[in-house]
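Worksheet for the structure shown next.
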Amino acid sequence: MKKKAGSYYPIFLDISGKKCVVVGGGQVAWRKVKSLLDDNAVVDVISPVVCAEIQTLADSGKIGLRQKAYQTGDLKGAVLAIAATDEAETNLGVSAEARQNSILVNVVDDAAKSDFILPSILQRGDLTIAVSTAGKSPALARKIRTRLESEFGPEYSDLALMINEVRSEMLKQGIRFSGEIGRAHV
């Protein structure tokens, strides 16, 4: 079966404690760094110039920072790389090195050079809703996410925890679930 163009396999990736490299030092790179830190990644930034927010994270020891131009070999040990520069040649180099070394790579605004794209995310505690248009319209994905924010308020964080507790207790009692909510069998 041939993969349809622009299709992506949805996945939630555990990057906690894993090295992730962001090449670039501007506001776009900072947003990527912040997101990676939110998921407990070990973040290393490579850029000769960085924005104040990245510098603050580096000064506080929350990220590693190599203030230099990207060079082949800079991704060593990474499981994930993000190219977030405004230099096409640099981004291409990051993509090529990552792919050669089986490192997942995202080139911001260039899905063709990326292994994955980043969806628009709505987070409510452990509840995560991701919206993607396969990179075709990030603005539309954001608009849909914004509409979902009013549907799924902060109370859904507590609801997810409560359901998990009930589910765990039922599993301890030997009650197993079929695919539908509320349809349990012993």
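We use all heavy atoms of the structure for the numbers below, so side chains are in, but hydrogens, waters and symmetry mates are not. Quick caveat: nothing in here was measured; it's all calculated off a predicted structure.
Residues passing the salt bridge (Lys or Arg N to Asp or Glu O under 4.0 Å) test with K34, sequence neighbours excluded: D38. Scanning for side chain to side chain contact (heavy atoms under 4.5 Å, CB included) contacts around S137 gives T133, A139, L140, with sequence neighbours left out. Under the side chain to side chain contact (heavy atoms under 4.5 Å, CB included) criterion, A52 pairs with no residue at all, not counting sequence neighbours. Considering only residues two or more places apart in sequence or on other chains, D110 meets the salt bridge (Lys or Arg N to Asp or Glu O under 4.0 Å) condition with K113. In this view, D59 and Q55 satisfy the side-chain hydrogen bond (donor to acceptor under 3.5 Å, both in side chains) rule, not counting sequence neighbours. The side-chain hydrogen bond (donor to acceptor under 3.5 Å, both in side chains) search around E169 returns Q173, not counting sequence neighbours. With sequence neighbours left out, the side chain to side chain contact (heavy atoms under 4.5 Å, CB included) criterion links K76 to no other residue.
The two residues A29 and G25 make their nearest non-hydrogen contact at CB-N, 3.8 Å. Summarising the geometry of C20 relative to A41, their closest heavy-atom pair is SG-CB, 3.8 Å, with the distance given to 0.1 Å.
In this structure, CD1 in I163 is found 9.5 Å from CG in L127, a value given to the nearest 0.5 Å. Going from atom CG of D14 over to atom CD1 of I11 covers 10.5 Å, rounded to the nearest 0.5 Å. Annotation: the span from I117 atom CD1 to Y8 atom OH amounts to 4.5 Å, rounded to 0.5 Å. Within the model, atoms CG of L13 and CG of D39 stand 9.0 Å from one another, a figure rounded to the nearest 0.5 Å. Within the model, atoms CG of D126 and CG of L159 stand 12.0 Å from one another, a figure rounded to the nearest 0.5 Å.
Counting heavy atoms of neighbouring residues, nucleotides and ligands inside a 6.0 Å radius, atom NZ of K68 exceeds 12 of them.
Hydrophobic cluster membership of V49, counting Ile, Leu, Val, Met, Phe, Trp and Tyr whose side-chain heavy atoms lie under 4.5 Å apart directly or via other members: none, as it forms a cluster of its own. Other members of the hydrophobic cluster containing V94, listed by chain and number, are V21, V23, I46, Y70, L75, I103, V105, V107; membership follows side-chain contacts under 4.5 Å among ILVMFWY residues, whether direct or relayed.
For the pair R66 (side chain) and D74 (backbone), a donor-acceptor distance under 3.5 Å is present. A distance-only check finds no donor-acceptor pair linking the side chain of S35 to the backbone of R31 [under 3.5 Å]. Looking only at distances, no side-chain donor or acceptor of K172 sits under 3.5 Å from a matching main-chain atom of S168. A donor-acceptor pair under 3.5 Å links the side-chain atoms of Q123 to the main chain of G125, judged by distance alone.
The side-chain heavy atoms of L65 and V50, taken from C-beta on, include a pair separated by under 4.5 Å. Taking the side chain as every heavy atom from C-beta outward, C51 and Q27 approach each other to under 4.5 Å. The closest side-chain heavy-atom distance from L118 to N106 is below 4.5 Å. Residues K18 and V42 form no side-chain contact, since every pair of their non-hydrogen atoms from C-beta on lies 4.5 Å or further apart. At least one side-chain heavy atom of L80 sits less than 4.5 Å from a side-chain heavy atom of F116. Residues I82 and L36 have side chains in contact (heavy-atom distance under 4.5 Å, counting atoms from C-beta outward). With contacts defined as side-chain heavy-atom distances shorter than 4.5 Å, the pair I54/I63 qualifies. Considering only heavy atoms from C-beta on, V131 stays 4.5 Å or farther from P119 through its side chain.
For the salt bridge (Lys or Arg N to Asp or Glu O under 4.0 Å) condition, no pair includes a residue of residues 45-58, sequence neighbours left out. Sorted by first and then second residue, the salt bridge (Lys or Arg N to Asp or Glu O under 4.0 Å) pairs involving residues 89-102 (not counting sequence neighbours) are R99-D115.
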Contacts table for residues 147-157: side-chain donor-acceptor under 3.5 angstrom, sequence neighbours left out:
residue: E149; atom: OE2; partner: R145; partner atom: NE; Å: 3.2
residue: S150; atom: OG; partner: R147; partner atom: O; Å: 2.8

Next on the checklist: Run the side-chain contact (heavy atoms from CB on, under 4.5 Å) test on I121 and T128 for me, step by step, so that the C-alpha distance in whole Å, both residues' side-chain angles and the decisive distance to 0.1 Å come before the verdict.
Outcome noted: CA-CA 7 Å; I121 302 275; T128 303; 3.9 Å; yes
Next on the checklist: For a side-chain contact (heavy atoms from CB on, under 4.5 Å) check, start with the C-alpha distance between K19 and D44, then their side-chain angles and the critical distance, and finish with the verdict.
Outcome noted: CA-CA 7 Å; K19 181 179 177 180; D44 194 11; 4.0 Å; yes
Next on the checklist: Let's go through L57 and L37 carefully: what are the C-alpha distance in whole Å and the side-chain angles of both, what is the deciding distance for side-chain contact (heavy atoms from CB on, under 4.5 Å) to 0.1 Å, and is it a yes or a no?
Outcome noted: CA-CA 10 Å; L57 290 171; L37 288 175; 3.9 Å; yes
